[in-house]
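Reading through the structure tokens given below for one structure.
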Amino acid sequence: MNKLFAIVAHQPSHALYWTVEYLSAFPENTIIIHYDAKSDISEIADLAKENVILLTKRVPVYWGDVSQIHATCRLLEEAMRYRFDYFFLLSGDDVPAASNEAINAFLSKHRGQEFIHYQDERSHYVNPADRVMYKYPPYFFTKQKSLVFAVKRKLFKHIRFMYKNHEITSLLSNGLEMTFYKGTNWFALTYGSIGFILDILHTHPTLLPSFNFTYCSDEIFFHTLLKMKPEVKIYDNPGVRNNCFRYIDWNSGPDYPRTLDVSDVEKIRKNFYFFTRKVSDKLTQEEFSHFKDLVN
């Protein structure tokens, strides 16, 4: 099973180094890393080797911003230069939660299905159209806690009619049939689906720019385009944590998603997951070794 692992990262974390070390040890795996253009790529230069590629054409990535989509698209474009059955999108805070052999076996059993989670009864519903049909002001694109920003964000709901996204409205009115969907922005998609998404972007060159100033739309963009694929086979099992098979704790806090530590390892082991995130970079080597053991 040829797998391509595309990683968006911004720092030389323990998770990034372990994930690359482990996955690159298998000849059927290719790893491509987009390292935030705001960061010094020489920090991870030692990761590069035959099946580990560091993108040279990088973008500065900002939280909640369309730049997250641009970084992912750079990875998609580069991926098509390689042979793969499945494309995995990861962050630099992810670590494998299953062995390479177990991942191969699971993919072989469900060959042809797409592992991407769309919001459902397992998650809090957010109207995806609200995120993309308006152009959001700068105070939305920060994690800085501010009473002023919080008040402005609440007030925006009452004046957003003044910030309509006319570019997307134009695309829809000119015949692009597109319904918006939202979900978890980490996925594993087949070669055919990655090609399909890129074909749409090449056919509609104004589509990606129309998402400028939309809010957290990396959780919408690829989900929406994938649903446009005829007879797409999306894995769906309400009995699992999510359909992308990532262990992510959105419930415990204090941060969302929760930064994981050794107390989470046994919870992760209870079920099958491809990856778990986000793993604390403050762990000691001994503590981090428990996450390394997830592949055993």
Side-chain angles (χ1 to χ4, degrees), residues 6 8 34 59 61-77 79-80 86-91 112-136 140-141 160 163-238 242-246 248 250:
V8 285
H34 177 280
V59 298
V61 179
Y62 299 92
W63 182 86
D65 180 63
V66 72
S67 56
Q68 307 231 12
I69 299 176
H70 282 282
T72 304
C73 286
R74 295 282 174 94
L75 290 165
L76 298 182
E77 293 278 5
M80 296 306 286
Y86 274 93
F87 171 106
F88 286 79
L89 181 63
L90 313 175
S91 82
Q113 297 190 61
E114 315 294 341
F115 299 98
I116 180 170
H117 186 75
Y118 288 79
Q119 61 180 353
D120 55 19
E121 65 279 358
R122 286 168 282 184
S123 53
H124 174 70
Y125 179 78
V126 173
N127 185 348
D130 286 346
R131 294 219 178 151
V132 300
M133 294 304 293
Y134 305 95
K135 298 285 192 178
Y136 283 78
F140 274 88
F141 303 101
R160 65 185 184 183
Y163 292 80
K164 286 184 179 179
N165 188 339
H166 297 293
E167 289 92 338
I168 284 186
T169 301
S170 177
L171 282 168
L172 296 174
S173 62
N174 283 301
L176 181 60
E177 296 182 7
M178 185 168 60
T179 302
F180 298 113
Y181 296 91
K182 179 190 176 298
T184 304
N185 54 339
W186 312 108
F187 51 71
L189 301 182
T190 59
Y191 180 91
S193 289
I194 297 300
F196 177 83
I197 289 171
L198 289 173
D199 284 345
I200 292 178
L201 295 178
H202 295 155
T203 303
H204 301 280
T206 60
L207 178 58
L208 181 52
S210 74
F211 275 72
N212 289 342
F213 305 108
T214 56
Y215 179 60
C216 290
S217 52
D218 56 317
E219 299 175 344
I220 297 165
F221 189 79
F222 300 102
H223 293 71
T224 296
L225 298 190
L226 182 64
K227 281 280 192 175
M228 296 168 69
K229 183 183 179 185
E231 300 181 2
V232 63
K233 298 178 180 177
I234 298 173
Y235 180 91
D236 185 30
N237 180 358
N242 54 60
N243 294 327
C244 59
F245 288 92
R246 311 299 170 100
I248 309 172
W250 284 101

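This structure is a prediction, so every number in the text was calculated from the model and none was measured.
- Formation of a donor-acceptor pair under 3.5 Å by the H202 side chain with backbone atoms of L198 is found in this model.
- In terms of heavy atoms, V61 sits closest to Q68 at CG1-CG, 3.9 Å.
- Atom CG of D199 sits about 11.5 Å away from atom CD1 of I194, to the nearest 0.5 Å.
- None of D120, D236, N237 except one satisfies the side-chain hydrogen bond (donor to acceptor under 3.5 Å, both in side chains) rule with N243; the exception is D236.
- Between L225 and I197, the closest heavy-atom pair is CD1-CG2, 3.9 Å.
- Side chains of Y125 and N127 form a contact here, defined as non-hydrogen atoms less than 4.5 Å apart.
- With no hydrogens or angles considered, a side-chain donor-acceptor pair links N174 and S170 at under 3.5 Å.
- Using modelled atom types, one side-chain atom of K135 and one backbone atom of N212 make a donor-acceptor pair closer than 3.5 Å.
- Separation of atoms OG (S217) and CD1 (I69) is listed at 3.5 Å; rounding is to 0.5 Å.
- Between L89 and R246 the shortest heavy-atom distance is O-NH1, 3.0 Å.
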Kindly list each side-chain donor-acceptor pair under 3.5 angstrom involving residues 175-189, sequence neighbours excluded, with atom names and distances?
| unit_1 | atom_1 | unit_2 | atom_2 | d |
| --- | --- | --- | --- | --- |
| K182 | NZ | E219 | OE1 | 3.3 |
| N185 | ND2 | D218 | OD2 | 2.7 |

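- In this structure, N242 CG and R122 CZ are separated by 7.0 Å, a value rounded to the nearest 0.5 Å.
- Annotation: side chain to side chain donor-acceptor pair (under 3.5 Å) contacts involving residues 188-198, sequence neighbours excluded, comprise E114-T190, E114-S193, T190-S193, S193-K229.
- Ring to ring, Y235 and F245 are close: their centroids are under 6.0 angstrom apart.
- The side chain to side chain contact (heavy atoms under 4.5 Å, CB included) search around Y62 returns K38, P60, D65, S67, not counting sequence neighbours.
- Annotation: side chain of F211 is in contact with side chain of I168 (closest heavy-atom distance under 4.5 Å).
- When the shell of 6.0 Å around CD of E121 is examined, it contains more than 12 heavy atoms from other residues, nucleotides or ligands.
- F115 has its side chain out of reach of I234: every pair of non-hydrogen atoms, C-beta onward, lies at least 4.5 Å apart.
- Under the 3.5 Å distance criterion, the side-chain polar atoms of S123 are left unmatched by any main-chain donor or acceptor of Q119.
- No donor-acceptor pair under 3.5 Å is formed between the side chain of H223 and the backbone N or O of I116.
- Looking at heavy atoms from C-beta onward, C73 lies in side-chain contact with F222 at the 4.5 angstrom threshold.
- Within the 4.5 Å cutoff, the side chain of E167 has no heavy atoms near those of the T206 side chain.
- Within a 6.0 Å sphere centred on OH of Y134, heavy atoms belonging to other residues, nucleotides or ligands number more than 12.
- Ring centers of F140 and Y215: under 6.0 Å apart, within the cut-off.
- At a threshold of 4.5 Å between non-hydrogen side-chain atoms, the residues Y136 and Y163 do not count as touching.
- To the nearest 0.5 Å, the span separating CE on M133 from OG1 on T169 amounts to 3.5 Å.
- In this structure, the side chains of F196 and P230 come closer than 4.5 Å at one or more pairs of heavy atoms.
- Here CE of M80 is found 10.5 Å from CZ of F87. Values are rounded to the nearest 0.5 Å.
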